[in-house]
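Shown next, in structure tokens, is the structure this report addresses.
Just so you know, these numbers come straight off a predicted model, no measurement behind them.
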Amino acid sequence: MGLAGPRERLSGLARAALAQLAALHSPDTLEIVLIAADPSRPPDERTAEWSWLGWLPHLRPGHGQDCRLLLAHDREQAAARADELLRRLAARVGPVLAVYGVLKLTGFTVFMLLLDSAGDFREKHPRFGGGAHPWDVLGSWDGWWYQQIALHGYDPALEPVPGATGMITLEGNSAAFFPLYPALMRLVTEVTGLGPYGAGMAVSVVCSFVAALGIHAVTSRLGGRRAGLVAVGLWAVWPGSGTEWAVYSESLYTALAAWACWAVVTRRWAAAGVLVFAAGLTRPTAVALVAALAVAGVVAVVRRREDWRQPLAAVMIAPLGVAGYLSWVGYRMGDWGGYTKLQEGAWGHTFDWGRHSLDVLTSVPVGHFDYLFAMPMEDTIGVGVVLTVPVLTVLLIRLRPPSVLVVYTVLSYLTVMGTQQYFGNVSRYLLPLFPLFVPLALAMRRLSGPVLAAVLGTAAVASGSYAGYVLFELGVP
């Protein structure tokens, strides 16, 4: 919370807010640090204004700080308090960033080495898994479309392919890709001067770390900090994780989903509504997140944990992102079902109630690859992921987690499985289902440090193949 305005009007409000926080939270859950070092005001005046805080136990140092109370009335004290806060922040988030960064960098390096050693990408078109350098592959496929949007914006249209009579009857159009990720790419380009590829990579890498922090925050509430670190490691090596450091929107969407779920769990309804709104501007599968927020709001109200107005406001805000974009596309195309028609006519993606998924699941185990969009290696990995999800979902439900995590996971899974698409993509589409990491993390936290390092380290090396090379070069990501 921030307060800005004339001091004479805000002093009383700030004192009231601090008093209320101190009255409603014990010193075990709330620590107050006062930094009042404004050089334009006399020290005696600053000290007198906040002297009453000295009576609160919330200002007593509990983490080894070299002071009697967590107060700062001059520049030297302010520097000391700020340094203490930064050290504590580093101690809290440093291990999370380190675990994810090391594991992800390991898998990424192996992915690049595999690309360079195989060399097949050099013979492919830059739009379809090719390029002059191994890292160019990360900006191909969907990444090419995002770069075009960042450069040129949208021009929604349903353009027929001349003479086409089969499944693909429409030209591809950028309107199939949601706007928040390319908008952030454009923003980074304007601020830093990076090209669309560099901007897309920067957004994805930063968001992947933000997602790791969100996954850790949610998992830690359910199983402690060690389980949170394991969940972060799983995020780095999960099938489909090759898109986390690529010009793809998976990292952004997962970051928004994880922090939205954390906001719901901690009953920060306004933040949850805004985060789900943003997720709806990132991927169409955010409808599952909208539904999860609605269910969590109803549960909170029925159990009388919340006044109904805050959850209702969040539920009203949440769907505006996805609904607004789909409506805009439909309006520009002159067809309110334009987005769906574009996906079906240009990419062959349509909701078929799971018929295509069932065809793949009954074909791959017996070595048949005569179904639509067959990619043997990628599909085999996809089948493994798809069959693992129900098992992990049952284990998650047994933990009795907050309803938002269960609803989000189940609806996202059903949405993906009910859609006809390149089946190998499911490992990417299911990557944001971070609640599935929770039961594994709670079980793996019992392992010793060296064993955990060996398991996750081995998975990180292997992920360069199953989550990177297979996805981008042996299939369609």
Looking only at atom types and distance, does a side-chain atom of [X] sit under 3.5 Å from a main-chain N or O of [Y], one as donor and one as acceptor?
X: Ser357; Y: Met417; answer: yes
X: Arg225; Y: Ser220; answer: no
X: Tyr146; Y: Pro179; answer: no
X: Ser463; Y: Ala460; answer: yes
X: Ser412; Y: Thr409; answer: no
X: Arg355; Y: Asp352; answer: yes
X: Lys124; Y: Val137; answer: no
X: Thr189; Y: Leu194; answer: yes
X: Ser117; Y: Leu114; answer: yes
X: Arg186; Y: Ala150; answer: yes

Residue Arg122 excluded, over 12 heavy atoms near CZ under 6.0 Å
yes
Mark yes when over 12 heavy atoms from residues, nucleotides or ligands other than Met333 sit less than 6.0 Å from its CE; otherwise mark no.
yes
Steps toward side-chain contact (heavy atoms from CB on, under 4.5 Å) verdict (Tyr422, Leu372):
CA-CA 8 Å; Tyr422 285 92; Leu372 189 64; over 6 Å; no
Verdict with supporting geometry, Leu293 and Val404, side-chain contact (heavy atoms from CB on, under 4.5 Å)
CA-CA 6 Å; Leu293 172 61; Val404 65; 5.5 Å; no
Can you name the closest pair of heavy atoms from [X] and [Y] and give their distance?
X: Ala272; Y: Ala260; result: CB-O, 4.0 Å
X: Ala227; Y: Leu442; result: CB-CD1, 3.9 Å
X: Ile215; Y: Ala231; result: CG2-CB, 3.8 Å
X: Trp347; Y: Ala176; result: CZ3-CB, 3.6 Å
X: Val218; Y: Ala258; result: CG2-O, 3.6 Å
X: Ala246; Y: Gly242; result: CB-O, 3.9 Å

Euclidean distance, [Y] [atom2] relative to [X] [atom1], rounded to 0.5 Å:
X: Trp245; Y: Leu138; atom1: CH2; atom2: CG; answer: 11.0 Å
X: Leu113; Y: Tyr469; atom1: CG; atom2: OH; answer: 12.5 Å
X: Ser241; Y: Lys104; atom1: OG; atom2: NZ; answer: 4.0 Å
X: Asp136; Y: Trp144; atom1: CG; atom2: CH2; answer: 15.0 Å
X: Trp353; Y: Gln420; atom1: CH2; atom2: CD; answer: 14.5 Å
X: Gln343; Y: Asn173; atom1: CD; atom2: CG; answer: 10.5 Å

Please examine the side chains of [Y] and [X], heavy atoms only from C-beta on, and report whether any two atoms are closer than 4.5 Å.
X: Met112; Y: Asp116; value: no
X: Val470; Y: Thr380; value: no
X: Arg221; Y: Thr266; value: yes
X: Thr219; Y: Val232; value: no
X: Thr254; Y: Glu244; value: no
X: Thr393; Y: Tyr413; value: no
X: Lys341; Y: Asp335; value: yes
X: Val383; Y: Leu361; value: yes

Assess whether side-chain contact (heavy atoms from CB on, under 4.5 Å) is satisfied between Gln421 and Val416, documenting all intermediate values.
CA-CA 9 Å; Gln421 58 200 338; Val416 172; 3.7 Å; yes
Quiz question: by atom type and distance under 3.5 Å, do the side chains of Tyr181 and Ser204 form a donor-acceptor pair?
yes
Using residues 275-291 as the side-chain source, report each donor-acceptor pair under 3.5 Å to any protein atom, sequence neighbours left out, with the distance given to one decimal.
{"residue": "Thr282", "atom": "OG1", "partner": "Ala278", "partner atom": "O", "Å": "3.0"}
{"residue": "Arg283", "atom": "NH1", "partner": "Ser249", "partner atom": "OG", "Å": "3.3"}
{"residue": "Arg283", "atom": "NH1", "partner": "Glu250", "partner atom": "OE2", "Å": "3.0"}

Name the orientation class of the two ring planes belonging to Phe437 and Trp235 (parallel below 30°, tilted from 30 to 60°, perpendicular beyond 60°).
tilted
Reference residue [X]; test ring-ring contact (aromatic ring centres under 6.0 Å, His included); the match among [options]:
X: Tyr339; options: Tyr331, Phe177, Phe178, Trp328; answer: Phe178
X: Phe472; options: Trp141, Trp135, Tyr248, Phe121; answer: Tyr248
X: Tyr100; options: Phe108, Trp238, Phe209; answer: Phe209

Criterion salt bridge (Lys or Arg N to Asp or Glu O under 4.0 Å) on Asp142 and Arg127, from CA distance to verdict
CA-CA 8 Å; Asp142 288 7; Arg127 282 187 60 180; over 6 Å; no
Picking from Val265, Leu396, Leu405, what satisfies side-chain contact (heavy atoms from CB on, under 4.5 Å) with Leu222?
Leu405
Test side chain to side chain donor-acceptor pair (under 3.5 Å) on Asp379 and Tyr371; report intermediate values, then the result.
CA-CA 11 Å; Asp379 293 346; Tyr371 49 83; 2.5 Å; yes
Those residues at least two apart in sequence (or on a different chain) that pass ring pair (Phe, Tyr, Trp, His ring centres under 6.0 Å) with Tyr429 are none
side-chain contact (heavy atoms from CB on, under 4.5 Å) evaluation trace for Leu433 with Leu436
CA-CA 6 Å; Leu433 272 62; Leu436 297 175; 3.9 Å; yes
